[in-house]
There are 2 protein chains.
Amino acid sequence: MASDHTRSAILAAAERLYADRGFGDVTLRDIVAEAGVNLAAVNYHFGSKDELIAELFVTRSIATNRERLRELKAAEEEGGGRAPIEVILRALVGPTLRGCLGPENQRSTAARFMIRASIESVPPIRRIKNREIDHLRKFAGAMRRSLPDRSDVDVYWGLNFALAMAHHTIRESERLTKLSEGKCDLDDVEDVVARVVSVATMALTAGRTEQKAPSKVAAR
Amino acid sequence: MASDHTRSAILAAAERLYADRGFGDVTLRDIVAEAGVNLAAVNYHFGSKDELIAELFVTRSIATNRERLRELKAAEEEGGGRAPIEVILRALVGPTLRGCLGPENQRSTAARFMIRASIESVPPIRRIKNREIDHLRKFAGAMRRSLPDRSDVDVYWGLNFALAMAHHTIRESERLTKLSEGKCDLDDVEDVVARVVSVATMALTAGRTEQKAPSKVAAR
DNA sequence: TTGCAATTCAAACAGTTGTATGAAACTATC
DNA sequence: GATAGTTTCATACAACTGTTTGAATTGCAA
């Protein structure tokens with residue numbers, strides 16, 4: 001195993017190049033040139049180009065998911081198995097938004113790579129994203145426990161819309177900045193999180209009795 | 001010009017193949033084989049592969065945009081230059097959702113092509129989407145007129161969230177169906193439109209005076 | 001029919017791609 | 001310091017890509 005020098009040089013170079021130029025026009029030769037290693041090193045250490053991309057994405061992605069679950073678990077434990085919907089939603093979209101937006105993150109290689117991965121959708125990344133459903137089910141479960149009066153359908157739609165706002169804002173952050181002529185401050189991540197959580201909460205609680213003090217305990 | 005037979009055969013074959021297999025692994029040779037024409041015909045009639053893709057996307061895209069503007073204009077004229085925010089939002093997301101979702105559209109080639117174009121993002125399509133900002137500005141303007149009390153920033157965020165919910169639902173419709181075990185009915189397009197419009201409206205009107213009966217008529 | 005332009009065609013081009021190979025260099029163990 | 005295992009390297013491979021070429025064919029007007 002030795003020093004891992006070549007291996008991590010490839011990972012770093014690949015992440016930087018993909019972040020800068022996208023998956024479409026970065027070749028293995030570009031990567032090994034940037035990393036200062038031999039062409040065959042990629043296949044030796046990773047097996048194939050797709051597995052290299054997959055490893056890059058998986059690394060960042062499990063970090064985000066772990067943080068999401070950590071926040072979710074903390075919230076549910078504090079509330080005795082039932083967390084306020086705002087906190088659940090914040091655990092869902094917060095880590096993702098914080099990982100991609102913000103003044104310092106915006107320029108970090110990892111952040112720009114994840115934005116790329118969210119815009120362009122190459123096969124190895126798509127395969128990984130498809131496995132994310134089980135992860136989302138945990139949030140759907142927590143949301144159901146938080147809003148027992150709400151129908152499953154409404155909960156799923158709320159989850160869908162929350163993810164929609166978070167991911168779309170990341171993906172189209174440049175366009176929103178241009179459209180609003182800089183008036184929408186995407187560097188203020190916590191403001192963005194608050195907006196998404198606020199709207200998603202309204203989507204999930206509108207037209208029902210106030211969750212904080214449920215008056216209808218009839219059918220549960 | 002003659003019969004356009006070859007030209008339209010290429011367009012139809014390309015749209016079908018891209019819809020089925022995505023942009024990533026469909027070559028010009030696949031397209032001309034499906035269309036039953038010669039390989040050189042693509043470059044003869046379209047100039048390049050990218051221009052073929054661009055023409056496919058532009059055709060469907062201007063149809064949607066025209067319908068959006070038609071609905072917007074009709075709404076504003078009826079309201080004497082100021083339309084209810086719900087109607088504006090419906091004009092914004094309705095045509096897009098109707099074009100991609102629904103039981104019959106879902107399987108139409110055109111619909112599946114547009115879903116593909118929304119998932120994978122190839123350069124020629126991205127270039128066209130970037131020109132869409134001027135189009136969105138018209139909706140931002142209408143929304144500002146509809147909600148004069150609302151700050152520009154809030155309006156832009158509302159517009160952003162409305163598009164987010166519509167596009168994400170289209171893009172991830174399969175995942176939502178799987179996650180909800182079929183409970184979320186994406187074939188009922190009008191229900192989806194209503195949900196998106198409803199949430200976006202809440203996002204734009206929450207914490208303010210009711211729009212239907214504005215009490216502050218100070219300016220104007 | 002003749003002539004001319006538009007279209008189609010087979011074939012080749014020029015370049016790029018990810019991957020495989022086998023020898024060379026290195027590293028650590030005994 | 002010889003040896004076995006790991007890692008690096010230059011190079012070749014094989015296949016695929018969009019595009020071009022120039023000749024053949026077609027269709028229409030004179």
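What you see below is based on every heavy atom in this structure, not just the backbone, and it leaves out hydrogens, waters and symmetry mates. Order of the sequence lines sets the chain letters (A, B, ...), proteins ahead of strands, with each chain counted from 1.
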Quick one: side chains of residues 194-202 of chain B, donor-acceptor pairs under 3.5 Å with protein atoms, not counting sequence neighbours, listed by atom name and distance.
| from | atom 1 | to | atom 2 | distance (Å) |
| --- | --- | --- | --- | --- |
| Arg195(B) | NE | Asp191(B) | OD2 | 3.2 |
| Arg195(B) | NH1 | Asp154(A) | OD1 | 3.1 |
| Arg195(B) | NH2 | Asp154(A) | OD1 | 3.3 |
| Thr201(B) | OG1 | Val197(B) | O | 2.6 |

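Phosphate contact (OP1/OP2 of dT8(C), side-chain N/O of Thr6(B), threshold under 4.0 Å): present. Dashed line: the shortest gap from a side-chain N or O of His45(B) to OP1 or OP2 of dA6(C) is not under 4.0 Å.
Of the N and O atoms on the side chains of Arg126(B) and Ser121(B), at least one donor lies less than 3.5 Å from an acceptor on the other residue.
Per the geometry, CD1 belonging to Ile10(B) stands 13 Å off P belonging to dG18(D), to the nearest Å. Look at CG on Asp4(A): it is 12 Å from C1' on dT7(D), rounded to the nearest Å. Between Tyr44(A) atom OH and dT19(C) atom C1' there is a gap of 16 Å when expressed in whole angstrom units. The separation between Ile31(A) atom CD1 and dT17(C) atom P is 11 Å, rounded to whole Å. What separates CZ of Arg7(A) from P of dT8(D) is a distance of 11 Å, to the nearest Å. As a whole-Å value, the separation of Phe46(B) CZ from dT7(C) C1' is 14 Å.
Residues Leu204(A) and Trp157(A) form no side-chain contact, since every pair of their non-hydrogen atoms from C-beta on lies 4.5 Å or further apart. Residues Leu101(A) and Val193(A) fail the side-chain proximity criterion, which asks for heavy atoms closer than 4.5 Å.
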Just the table, please: protein N/O against nucleotides 19-22 of chain D N/O, every pair under 3.5 Å.
| from | atom 1 | to | atom 2 | distance (Å) |
| --- | --- | --- | --- | --- |
| dT19(D) | OP2 | Asn43(B) | OD1 | 3.2 |
| dT19(D) | OP2 | Lys49(B) | N | 2.9 |
| dT19(D) | O5' | Asn43(B) | OD1 | 3.4 |

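Ring pair Phe57(B)/Phe113(B) is tilted by interplanar angle, where 30° to 60° counts as tilted.
Within a 6.0 Å radius of CD in Glu190(A), more than 12 heavy atoms belonging to other residues, nucleotides or ligands are found.
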